[in-house]
Amino acid sequence: MANINQAVDFDTAALVADHFGYKAKKQPMFAQIKRPVPTGGGKLSSRPPVITIIGHVDHGKTSLLDAIRQSNVIATEAGAITQHIGAYQVEVNSRKITFLDTPGHEAFTAMRARGTQLTDIAVLVVAADDGVMPQTVEAINHAKAADVPIVVAINKIDKPDANPDKVKQQLADLDLVIEEWGGDTVCVPISAKKKQGIDELLENLLLVADILELKGEHDCPAEGVVIEARLDKTRGPVATLLVQKGTLKPGDTIAISNTWGRVKAMFNELGKQLKKAEPAAPVEVLGLNAVPHAGDSFKIVSNEREARMLFEKNKDMQQKTPARAKAVSLSNISTQISDGQIKELNIILKTDVQGSIEPIRDSLEQLGDEKVKVRVIHSGSGGITENDVLLALASKGIIIGFNSRPEPGAQRLAETEGISIRYYSVIYELVKDVDKALKGMLEPTYTEVIEGQAEILAVFSTGKKSNVAGASVKEGKLRRDALARIIRKGESIHESRINSLRRFKEDVKEIATGFECGIKIEGFSDFQVGDIIQSYRQEVVS
């Protein structure tokens with residue numbers, strides 16, 4: 001028996017429907033819904049472009065947006081640095097443009113990457129007096145990884161020490177050749193402070209948007225992405241949504257992966273209440289039951305019951321879903337190549353000195369064949385940072401450190417996200433390993449995991465030049481047949497296996513911390529009081 005409030009599985013529902021003369025059709029689960037794209041089934045019409053402002057900190061990104069919107073955004077930001085992703089829509093010559101203002105400070109690289117992935121065009125702001133900086137390079141790489149066209153705005157041209165030509169040369173060195181130099185990158189000199197060149201920049205943005213021929217379906221239920229969300233003390237959960245398909249209206253029932261609700265009210269960035277939001281429109285929405293996750297997809301459903309059912313199905317599926325697919329690494333890349341999962345091996349290269357970058361990059365990019373190409377999407381000198389890990393995550397790449405080690409935060413993030421980091425000190429070995437990995441010939445590498453340590457307190461002779469060590473386990477545990485080494489005065493003097501473990505007169509499989517035991521080591525009997533027996537195992541690493 002099932003009461004009216006219980007959900008039944010599809011097979012059962014299909015049998016019941018068939019009994020009454022109906023044919024049941026299975027609907028895909030909510031979590032399987034991908035980013036909305038025009039299907040051609042509805043009426044397609046032009047939509048506003050979604051544009052992201054990216055670049056180095058203090059190069060004038062928010063000032064540029066402020067000049068465009070004719071309002072003081074900077075005054076509301078802590079320390080004049082953008083602290084969140086803001087979404088704004090402006091009207092230029094009776095045409096709308098949606099802007100996503102992403103933070104420029106390196107601590108917000110992850111948010112910047114998220115903003116770039118939502119956009120149609122990226123505006124790269126570079127200060128004419130400062131030139132290309134490390135975060136400028138990162139911003140370019142994020143935009144390239146997302147395959148987004150870049151329009152360059154050279155800001156602060158009103159300053160006495162401004163040098164736009166130097167900036168253009170630096171950009172050319174990064175494969176962003178501007179149009180006047182024979183390239184295809186639109187470049188506009190501006191002064192956000194004095195509002196010079198703003199109209200020309202907007203005209204160029206609309207021109208690039210026309211070339212992209214951006215279309216959207218208007219006459220269908222809305223779908224899109226959560227840009228940002230927060231819990232307001234007075235209004236409850238508030239989410240900033242970017243509509244990508246259809247039209248969103250107050251009263252619509254909205255379903256997101258981890259929450260649902262009815263749209264009570266919608267507002268634009270100025271706090272004005274809206275009656276509808278069409279494709280490429282950013283809106284603030286009230287009425288959700290919980291705060292959604294930024295980056296989640298949303299869709300409009302017919303009623304609250306369907307929203308609840310989608311929410312429950314999605315929750316159940318997340319609980320049943322096995323661990324996520326293994327990230328790209330040198331050890332598994334040949335399998336993914338043969339399966340057709342990847343056609344490019346993206347590499348983030350970090351070296352100890354700048355001079356090592358070019359020969360390594362040239363050597364790596366000569367590898368590969370018609371099945372897969374090797375591409376160094378970002379390189380730099382110094383330690384491996386969290387920004388490098390985030391870029392590897394966004395581009396499904398690996399990180400190679402040449403005489404470079406990760407910062408503690410980057411190491412933890414890489415372990416959490418499953419990002420592969422390989423370390424080398426010889427260029428030949430680095431190139432050889434990547435080549436072998438592409439051909440499926442790379443031998444696995446191993447790391448040691450220390451299981452336990454014991455200190456020898458006494459030595460007992462058992463005759464025939466055989467001794468047993470009487471030891472106390474100080475850390476972890478010792479296992480019979482485990483790999484072991486004898487350490488005397490800080491140096492390893494023998495490595496083999498634990499032959500036997502005895503607790504009093506009984507043979508045991510393992511001894512835990514705090515207990516004493518007798519130990520025999522394979523091929524070794526020259527024990528001394530004070531020696532350390534270290535037990536370990538070897539694990540395959542990517």
Side-chain angles (χ1 to χ4, degrees), residues 329-332 383-384 399-408 410-412 414-416 418-426 428-430 432-433 436-437 441-542:
S329 68
L330 283 187
S331 60
N332 69 14
I384 297 167
I399 299 172
I400 291 180
F402 183 76
N403 292 324
S404 174
R405 306 296 293 187
E407 297 173 355
Q411 181 71 52
R412 288 192 296 271
E415 291 171 357
T416 302
I419 299 301
S420 175
I421 303 180
R422 306 279 295 205
Y423 310 103
Y424 295 93
S425 55
V426 179
Y428 169 73
E429 291 179 356
L430 187 162
K432 184 176 72 172
D433 274 7
K436 283 186 174 181
M441 298 166 55
L442 184 66
E443 296 179 1
T445 56
Y446 297 89
T447 185
E448 286 185 3
V449 178
I450 305 300
E451 293 186 324
Q453 290 192 150
E455 182 182 354
I456 297 178
L457 304 179
V459 181
F460 305 98
S461 175
T462 58
K464 296 181 181 179
K465 298 182 180 179
S466 177
N467 292 331
V468 173
S472 173
V473 181
K474 301 297 184 183
E475 295 178 16
K477 61 184 179 182
L478 302 188
R479 289 186 301 107
R480 191 172 62 207
D481 294 328
L483 295 171
R485 64 168 58 92
I486 310 298
I487 299 175
R488 181 174 297 165
K489 296 180 180 179
E491 294 185 7
S492 175
I493 61 171
H494 180 78
E495 293 190 18
S496 56
R497 292 183 177 272
I498 297 176
N499 236 356
S500 71
L501 287 174
R502 295 181 70 89
R503 173 80 176 149
F504 299 113
K505 294 183 179 181
E506 296 181 3
D507 282 319
V508 292
K509 290 184 178 180
E510 62 180 43
I511 299 290
T513 304
F515 291 94
E516 296 180 352
C517 61
I519 304 175
K520 275 191 175 182
I521 301 294
E522 187 179 285
F524 187 82
S525 60
D526 186 24
F527 298 108
Q528 290 185 13
V529 175
D531 287 351
I532 300 296
I533 299 176
Q534 191 177 72
S535 171
Y536 64 95
R537 70 176 187 274
Q538 288 188 327
E539 288 186 352
V540 178
V541 296
S542 58

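Predicted model only: the values in this text are computed from it and were never measured.
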TODO: Would you mind listing every ring-ring contact (aromatic ring centres under 6.0 Å, His included) that reaches into residues 461-484, with sequence neighbours excluded?
DONE: none
TODO: Could you note down all residue pairs passing side-chain hydrogen bond (donor to acceptor under 3.5 Å, both in side chains) where residues 468-486 supplies at least one of them, sequence neighbours left out?
DONE: E448-R485, E451-R479, R485-E495, R485-Q534
Task: Spacing of I419 atom CD1 and Q411 atom CD [to the nearest 0.5 Å] - done: 12.0 Å
Task: Contacts of type side-chain hydrogen bond (donor to acceptor under 3.5 Å, both in side chains), residue E407, not counting sequence neighbours - done: none
Open item on the list: Would you compute the distance between atom CG of L430 and atom OH of Y423 and round it to the nearest 0.5 angstrom?
Closed with: 13.0 Å
Open item on the list: So, applying side-chain contact (heavy atoms from CB on, under 4.5 Å) with I486, which one of I532, D526, D531 is it?
Closed with: D531
Task: V473 to A512 - nearest heavy-atom pair and separation - done: CB-O, 3.5 Å
Task: Side-chain donor/acceptor of T513 to backbone N/O of G476, under 3.5 Å - done: yes
- [ ] For S466, enumerate each residue passing the side-chain hydrogen bond (donor to acceptor under 3.5 Å, both in side chains) test, keeping only those at least two apart in sequence or located in another chain.
- [x] T462
- [ ] Sequence neighbours left out, what passes side chain to side chain contact (heavy atoms under 4.5 Å, CB included) with I498? Give chain and number order.
- [x] L478, A484, L501, I519, I521, S535
Task: Any residue meeting ring-ring contact (aromatic ring centres under 6.0 Å, His included) with F524, in chain and number order, not counting sequence neighbours - done: H494, F527
TODO: Can you see which heavy atom on I493 is nearest to which on R488, and at what distance?
DONE: CD1-CZ, 3.5 Å
Open item on the list: If you count heavy atoms of other groups shown closer than 6.0 angstrom to OH of Y536, is the number above 12?
Closed with: yes
Task: All side chain to side chain contact (heavy atoms under 4.5 Å, CB included) counterparts of F504, not counting sequence neighbours - done: none
- [ ] Provide the full list of side-chain hydrogen bond (donor to acceptor under 3.5 Å, both in side chains) pairs with a residue in residues 500-509, sequence neighbours left out, each pair given once.
- [x] R502-D507
- [ ] Hey, could you give me the CZ/CD distance between R422 and E429, rounded to the nearest 0.5 Å?
- [x] 11.0 Å
Open item on the list: Holding to side chain to side chain contact (heavy atoms under 4.5 Å, CB included), I want the full list of residues that pass it with S525, two or more places apart in sequence or in another chain.
Closed with: N467
Open item on the list: Ignoring hydrogens, what is the shortest heavy-atom contact between A410 and I384? Give both atom names and the distance.
Closed with: CB-O, 3.4 Å
Task: Contacts of R412 that satisfy side-chain hydrogen bond (donor to acceptor under 3.5 Å, both in side chains) - sequence neighbours left out - done: none
